[in-house]
Peer 1: 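This is the structure I want to talk about, given as structure tokens.
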2 protein chains.
Amino acid sequence: MEDPRVIVIGAGFGGLTAARALDGAPVRVTVVDRRNHHLFQPLLYQVATAVVSPGDIAYPIRAILRHQRNAEVLLADAVSIEPDSREVVLADGRLPYDYLIVATGARHSYFGRDDWEPFAPGLKSLEDALEIRREILLAFERAEREPDPEKRKRLLTFVVVGAGPTGVELSGAIAEISREVLVRDFRAIDPREARIVLVEAGPRILPAYTPETSTKAQAVLTRKGVEVRTGHAVEDIRENEVRVAGESLAAGTVLWAAGVAASPLARSLGVPLDRAGRVLVEPDLTIPGHPEISVIGDLAAFLHQGGTLLPGTSPAAIQQGRHAAKNIVLARSGQPLRAFHFRDKGSMAVIGRAQAVAEIAGVRLSGLAAWLVWCFVHIFFLIGFRNRFVVMFEWAWAYLTDQRGARLITGRLEEPRRK
Amino acid sequence: MEDPRVIVIGAGFGGLTAARALDGAPVRVTVVDRRNHHLFQPLLYQVATAVVSPGDIAYPIRAILRHQRNAEVLLADAVSIEPDSREVVLADGRLPYDYLIVATGARHSYFGRDDWEPFAPGLKSLEDALEIRREILLAFERAEREPDPEKRKRLLTFVVVGAGPTGVELSGAIAEISREVLVRDFRAIDPREARIVLVEAGPRILPAYTPETSTKAQAVLTRKGVEVRTGHAVEDIRENEVRVAGESLAAGTVLWAAGVAASPLARSLGVPLDRAGRVLVEPDLTIPGHPEISVIGDLAAFLHQGGTLLPGTSPAAIQQGRHAAKNIVLARSGQPLRAFHFRDKGSMAVIGRAQAVAEIAGVRLSGLAAWLVWCFVHIFFLIGFRNRFVVMFEWAWAYLTDQRGARLITGRLEEPRRK
């Protein structure tokens, strides 16, 4: 009898961990992804802010799974799942499975205001990051050529919506670009005049952290030159304009780092979803009525510790990937599936050069110490030696010289989206 | 009296050298380019073949000229030149000049068959290189999923048109990808089955080199698995098909590396052009009737040594840039302009890992020795220490491990141009 077939959709942290955890198991694994590369998403904002190159944080999925004899990789677009016939429907074909792991993640949510998206792009893919890098660098280029002081001011105003880790990291990095990196590059403008505003609807930044860490992070951001505005949701976004708390901000660049919208693939499973479109999974990560289907990572709404929702982070995805793989092995040998328990190893966010906040095992760190821990953990987890080495070098270089090696404006030459 | 204004259009090797050569001279220099980065074009094919990342061979123009007090940089699109009023017309403004250096280069020419371009992209910009990288990598991905052996064969056939240095380097690099890099990555196909055909209308490859070097290079290419077809021009190119010498080649990927079409900006100068659209410059690199305008680099048709045309290479552009700058300084002090003389320091082309051909001062080298010289010269000329270091590392890494760090398929997810 042929080994059963396990399909893993999505090669992020969760899906890739699950596939690797099945190495040597008596199953045939097929990893399906729309892209040919795994993305080290925690460093994506560094591509957007010209610290590292796309190639430093992405790695071909085939190369990662090259030596795993029972695994194959398909570059394909999964459009829906048919749990009854046990098939994944691709844009150009169908794939039958015996076990399925769905790990297609989430994007940002515009809270029903998808019309804001063209004026406030989010950051999830390499293409997003390159587009944002282009926007940020072009803003300074256009300001350099703009004679009207009002328009120049607008071009040099950057608004980041949402103060989770991504929003905090982005706004801190833009402040550094303007105050440290570009200082001597222009003749007509002083990049230090740039205004960076971080808008958060909740009462404090980094809401998933302790209030002490939020306060600390806000103090560091303020010192870097970021205006932090908490307690007010964005009311409207148009071309070159953000309305918040009744006030209109003229801003040439608006970046979106708020909300969560799960991958639309979840809908085809025919099981209850939460408001963000995430799948309400069973304690063992499977879906009701289908123990052969596990949903993991940002796509899963997993309730732990008295009913709180496990936040969508890479450690959670990695642990769930390993767990889903283990359950498939158990099921194959006729044993019952086990419930998933998340082991919290802490969380951290970087605010800029040598500045971060971290909460690890109840200990709160900030400043250089937290940054060093952050560097260590992130370099350690980067897949592939080469990337680890190059990223370390790029960081050291950016740190020592205030230079950004990846400061390229690429993309076709047609008129950019906005002015 | 204010210092006279020198406009340099184009920040390639010629324009950038001219701008830097004017450092300290009593002039105000403005460098105008459509892109924010200088591109190290000799290594562009290595981006297209996933050896290095875009950031490794491109550098922001502002960063290069940061410390030059009399220079400024404008990110702008020059659309025409008005020699009588001494103005450069931009897409969004006008720039008056006292002296003008035009260095906007050339693209590939389809010999009046521009309808071939969508099926056979050329390689001149970073965007071109990323698109070609995408095409090459996607061809293997599609072949992996293709059940029809006929179609699979077509997907794995690569045709490169034109056997100058770019065509030779590209075809050699594709042969290496298929025979060395991707070997273990796929399950359904063997990438070594890929067929790489290099088509050249002339009687031999590398026509600008000696016949001995051509023979040597062809032998190396053949050993690497490239089919070399000389003496036949391409008759037609359609989707997935190239016609040459009456035969139809079914090829999923066709790359164009032939012909020269000068930048259309030359036309607005109102002076005689050659068939490729290049400006027939005077011996001092200026244009007839306008000693204040110099044309340099690939845009210039310069006749030397008994009427032969100086080929468009980076050494020629660099020497002409330095010369045009010197003539401006002479003109300012009322001295006559000097004629340009090219000093030939040799030429080289790389055919693959540890394989190159070089002709330096009458000495012909090939194999590892030529490759080492090539590496040394190219790393030496790469602008900026960071790039030099990273490129060296990436080469060493690719050499030692057969890996390609930059093997990413990027670009929006809409259906690619061809199937």
Side-chain angles (χ1 to χ4, degrees), chain A residues 34-37 50 52-56 58-60 62-63 65-67 71-77 90-93 125-127 130 134 137-138 140-142 144-145 181-182 184-188 384-387 389-390 393-394 397 401 403-413 415, chain B residues 34-37 50 52-56 58-60 62-63 65-67 71-77 90-93 125-127 130 134 137-138 140-142 144-145 181-182 184-188 384-387 389-390 393-394 397 401 403-413 415:
Chain A
R34 287 189 299 173
R35 301 175 186 275
N36 83 326
H37 50 270
V52 301
S53 287
D56 299 334
Y59 210 71
R62 287 192 188 288
L65 295 173
R66 158 180 296 176
H67 298 292
E72 61 167 7
V73 178
L74 267 196
L75 186 71
D77 197 357
L90 306 176
D92 50 356
S125 68
L126 275 184
E127 287 80 7
L130 292 175
R134 179 184 158 84
L137 297 174
L138 272 179
F140 290 97
E141 294 289 344
R142 292 198 185 111
E144 170 85 351
R145 294 193 54 200
V181 180
L182 295 177
R184 292 162 299 182
D185 276 13
F186 292 86
R187 300 292 181 259
F385 162 80
R386 175 197 163 270
N387 288 17
F389 185 92
V390 172
F393 179 76
E394 307 242 19
W397 185 248
T401 64
Q403 288 301 303
R404 300 286 165 112
R407 227 163 70 222
L408 307 177
I409 300 176
T410 53
R412 288 284 156 202
L413 288 173
E415 194 49 25
Chain B
R34 287 189 300 173
R35 301 175 186 273
N36 83 326
H37 50 269
V52 300
S53 288
D56 299 334
Y59 210 70
R62 289 192 187 286
L65 295 173
R66 159 179 296 176
H67 297 292
E72 60 167 9
V73 178
L74 268 194
L75 185 71
D77 196 358
L90 307 176
D92 51 357
S125 68
L126 275 183
E127 286 81 7
L130 292 174
R134 179 183 158 84
L137 296 174
L138 271 179
F140 290 97
E141 294 289 343
R142 294 200 183 108
E144 171 83 352
R145 295 193 52 200
V181 180
L182 294 177
R184 291 162 300 181
D185 277 12
F186 292 86
R187 300 290 182 261
F385 161 80
R386 174 197 164 271
N387 289 18
F389 184 93
V390 172
F393 178 77
E394 307 242 19
W397 185 247
T401 65
Q403 287 303 301
R404 299 287 165 113
R407 226 165 70 221
L408 307 176
I409 300 176
T410 54
R412 288 283 156 201
L413 289 172
E415 195 46 27

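Below, read A as the first sequence line, B as the second, and so on, with proteins coming before strands; counting in each chain starts at 1. Quick caveat: nothing in here was measured; it's all calculated off a predicted structure.
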Peer 1: If you compare all heavy atoms of B:Arg145 against all heavy atoms of A:Leu75, which two are closest, and at what distance to 0.1 Å?
Peer 2: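 Looking at all heavy atoms of both residues, the shortest contact is NH1-O, 3.3 Å.
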
Peer 1: Once you round to the nearest 0.5 Å, how far does CG of B:Leu74 lie from CD of A:Glu144?
Peer 2: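 Those atoms lie 7.0 Å apart.
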
Peer 1: Could you list the residues that satisfy salt bridge (Lys or Arg N to Asp or Glu O under 4.0 Å) with A:Glu72, not counting sequence neighbours?
Peer 2: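 Partners of A:Glu72 under the salt bridge (Lys or Arg N to Asp or Glu O under 4.0 Å) test: A:Arg5.
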
Peer 1: Would you say B:Arg66's side chain and A:Phe186's backbone share a donor-acceptor pair under 3.5 angstrom?
Peer 2: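 Looks like no, no N/O pair under 3.5 Å.
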
Peer 1: What are the two closest heavy atoms between B:Gly55 and A:Ser53, and how far apart are they?
Peer 2: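 That would be CA-OG, 4.1 Å.
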
Peer 1: Step by step, would you call B:His67 with A:Arg184 a side-chain contact (heavy atoms from CB on, under 4.5 Å)?
Peer 2: CA-CA 8 Å; B:His67 297 292; A:Arg184 292 162 299 182; 4.1 Å; yes

Peer 1: Testing the basics here: between B:Glu141 and A:Asn36, what is the closest heavy-atom pair and its distance to 0.1 Å?
Peer 2: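 Of all heavy-atom pairs spanning B:Glu141 and A:Asn36, the closest is OE2-CB, 4.2 Å.
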
Peer 1: Checking heavy atoms, do the side chain of A:Ala71, its backbone, both or neither come under 4.5 Å from chain B?
Peer 2: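 The answer is the backbone of A:Ala71.
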
Peer 1: Which heavy atom of A:Leu65 sits nearest to which heavy atom of B:Arg187, and what is that distance?
Peer 2: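 Smallest heavy-atom distance, with atoms named: O-NH2, 3.4 Å.
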
Peer 1: Could you tell me which portion of A:Asp77 (side chain, backbone, both or neither) has an atom closer than 4.5 angstrom to a non-hydrogen atom of chain B?
Peer 2: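 For A:Asp77, neither part sits under 4.5 Å from chain B.
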
